[in-house]
Amino acid sequence: MRTTPGGLALIFTLSAGRAWGAGAVGPGFLDGLDHPRTVAIGRAATGLADDYSSSSQNPAALAMVVRKAGAFCYVQPSAGGHAGCMEYNQGISSRGTIGMFAYYADLGDFALTMGDSKTVGSGRETRSVIVGRFGRDMGPSTSVGVFLKAFHQQVFDTRSVGAATDLGAVYRVPVQNLQVGASILNLGPGVREGQRHAQLPTQANVGIGYKLLRRDLPLLAGDVALGLDGFVPLNSQAGVRLGLEYVWTSRGSRFASPSDESESSNSKGFALSLRGGSALSPDRIVYSTGAGLSLGILSVDYSLTSQSPFPAEHRVALGYRFGSQARQTGPDVLYSRRIEQDSTARDQLVQSTVEDTSMKFVEQAMHQAGTLLGAVWELGGEHREPERFEEASRVFQDARTATQARNYEEAWILASQASLKAIDLKEALSKPIVEPAPAVPPQVADEPTPAEPPATPRVHTPSTPAPKAPVVRVAAPSAEPEPTPEPEPTPEPLLGPDQERRFDAGKRQYEQGQYSSAISTWEDVLREVPGHSVTRISLSRAYRYLGLESFRARDYRQAARFWRRGLQHAPENAEMKTFVENAESIIRRLDSINATSR
């Protein structure tokens, strides 16, 4: 049976009306290409173009695919019959993403009627579509896509073929988790049967998409995606589409990276999605709902569309993702750049915080270092230990330069190091120089001195009175108690020969800057001789240097731990207490910054 051009147009009108109730070759002509996820959110996916499932409304969504992905779907059209589709997409490194899509629908038998409801025939309608797809990131904020569609339709015994092109773009604005999209669908020559022609429903879409992430909103138990589209069919009336998707996952935010194809999404996590949407236009209102379940690399999606007076339409799709990530997709690049910018801003805030805190201690550290170097100079350190004195003076001068440059963190570290070097040098210079005692000449024996004659003893006679005995007066006992003698100090324990050798080995490690090794060596000695004060002081100094190294590396917690250990060996060390106070002040301020940025 052959049809006239008018009959062909009528067939297209009817076939479109079976899906959408339009009055021409309407916008529902190729709606079978939509994924259930897109249908469930009312097809408001132009701005929410974040996955291959939304690429039918915005081809730029294909650029988000960074590994192998695809789906098998089944559709029960509202006009009756059955339809199915199959698609495959694959990221190809920096060149973008390619994909293929195939769709076939058997809409069953139907009666062809005229305007007076007179039946003029009956027959079967089938449709088949093949789509070649390509998407690519044009920068960290922009993605584009292009689809080439070829389709075949048979109504009764009339066969028609056609081709069309879809174009789309997505721009991710600087506002976090917000993007806008635009697309033009079904550009091309339309449908032809011989010399007869019917135009496809060319349509322009523009939309915005926004995501609320659970990590950004603590009260939110899952992620929420919102879509708002405006669509303008060239041969029908304009309208708007609204969509909402709620996603609960067992592994935190599904959209932690804006790309649904991020590494984290190809995990062993579990995700449950609930969706709803509506398409509103002057001539019709379409409601839709649906759900999705994702487990590892597999996912199942379902949608239900209701449009009075037509029966409900059901769609089911089984999706899969596998393989390694081929590249970092556009949203991922933008997300990484935003994280990098946030990290840079945080580092600047941390730097300012550390400098502000350290500034309070710089003046004290500089004064202490200058005083110690002056004492070393008075002891002759410039001449007796010129190399060590020059090294301590150089570090002190570097601290002064850093202070003038307002680099207070570095100035505090250098001034503290200069103080430590001056202390070590001062103690080395303060040791007494033991000189050999001069030889004592032998004494010459003197001549013996003649002894004096003994005194003649006095003899008492009766005529001579005897001397009176001396009167001895005994003093009364004092009321004040006698002072208690002070206890003798505990003698300093001595090191044995082996311990002395190990102590000297630790000293050499300390002088070579091997502070961790020196600490390990001295702690072994201290375990054997717990009361050896020289070993404790040496350990305290080594911990001071380790703390300064950690502080320079901005590991403030580790620096505080080292300095607290040093205080255990030298509890009265005021300088070490200052070190701990500085580190703890910085840690408190950084914790406050982190709590604010969450």
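It should be emphasised that the depicted structure is a prediction, and the values quoted were computed from it without experimental measurement. Below, all heavy atoms of this structure are taken into account, side chains as well, without hydrogens, waters or symmetry copies. Count residues from 1 along the sequence.
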Using the side-chain contact (heavy atoms from CB on, under 4.5 Å) criterion, which residues pair with [X]? Sequence neighbours excluded.
| X | value |
| --- | --- |
| T371 | H367 |
| E511 | K507 |
| S55 | A61, R133, F147 |
| L242 | L228 |

State the [atom1]-[atom2] distance between [X] and [Y], to the nearest 0.5 angstrom.
| X | Y | atom1 | atom2 | result |
| --- | --- | --- | --- | --- |
| L274 | L244 | CG | CG | 9.0 Å |
| S416 | M366 | OG | CE | 10.5 Å |
| Y210 | L178 | OH | CG | 7.5 Å |
| F503 | T521 | CZ | OG1 | 11.0 Å |
| N573 | I537 | CG | CD1 | 9.5 Å |

Checking [X] side chain against [Y] main chain: does a donor-acceptor pair fall under 3.5 Å?
| X | Y | answer |
| --- | --- | --- |
| T38 | S53 | yes |
| D229 | T46 | yes |
| R384 | L379 | yes |
| Q509 | A518 | yes |
| S585 | E581 | no |
| S520 | S516 | no |

Could you go through L495 and V534, starting from their C-alpha distance and side-chain angles, then the distance that decides it, and tell me whether this counts as side-chain contact (heavy atoms from CB on, under 4.5 Å)?
CA-CA 11 Å; L495 300 179; V534 178; over 6 Å; no
Less than 4.0 angstrom from a charged side-chain N to a carboxylate O is my criterion; do [X] and [Y] meet it?
| X | Y | answer |
| --- | --- | --- |
| D498 | R502 | yes |
| D301 | R275 | yes |
| D591 | R557 | yes |

Do E410 and R552 have side-chain heavy atoms sitting under 4.5 Å apart?
yes
Are N205 and N58 close enough that some pair of their side-chain heavy atoms sits under 4.5 Å apart?
no
For [X], give me all partners under side-chain hydrogen bond (donor to acceptor under 3.5 Å, both in side chains), at least two apart in sequence or on another chain.
| X | value |
| --- | --- |
| E549 | none |
| R561 | Q558 |
| S54 | none |
| E385 | none |

Kindly write out the residues that satisfy salt bridge (charged side-chain N to carboxylate O under 4.0 Å, His left out) with R394, not counting sequence neighbours, or none if the list is empty.
E391, D398
Apply salt bridge (charged side-chain N to carboxylate O under 4.0 Å, His left out) to R564 and list each qualifying residue two or more places apart in sequence or on a separate chain.
E584
Taking all non-hydrogen atoms of both residues, which atom of [X] and which atom of [Y] are closest, and how far apart?
| X | Y | result |
| --- | --- | --- |
| P571 | K577 | O-CE, 3.1 Å |
| S540 | A570 | OG-CB, 3.5 Å |
| A422 | L373 | CB-CD2, 4.1 Å |
| R321 | S299 | NH1-OG, 4.4 Å |

Worked verdict on Y556 versus W563 for ring pair (Phe, Tyr, Trp, His ring centres under 6.0 Å)
CA-CA 11 Å; Y556 306 112; W563 289 330; 9.5 Å; no
Would Q57 and R241 count as a side-chain contact (heavy atoms from CB on, under 4.5 Å) here? Give the steps.
CA-CA 12 Å; Q57 293 299 318; R241 297 182 294 219; 3.2 Å; yes
Should the pair H35 and Y52 be assigned to parallel (<30°), tilted (30 to 60°) or perpendicular (>60°) ring geometry?
perpendicular
In chain order, what residues pass the ring-ring contact (aromatic ring centres under 6.0 Å, His included) check against Y543, with sequence neighbours excluded?
none
Y515: partners by ring-ring contact (aromatic ring centres under 6.0 Å, His included), with sequence neighbours left out:
Y510, Y545
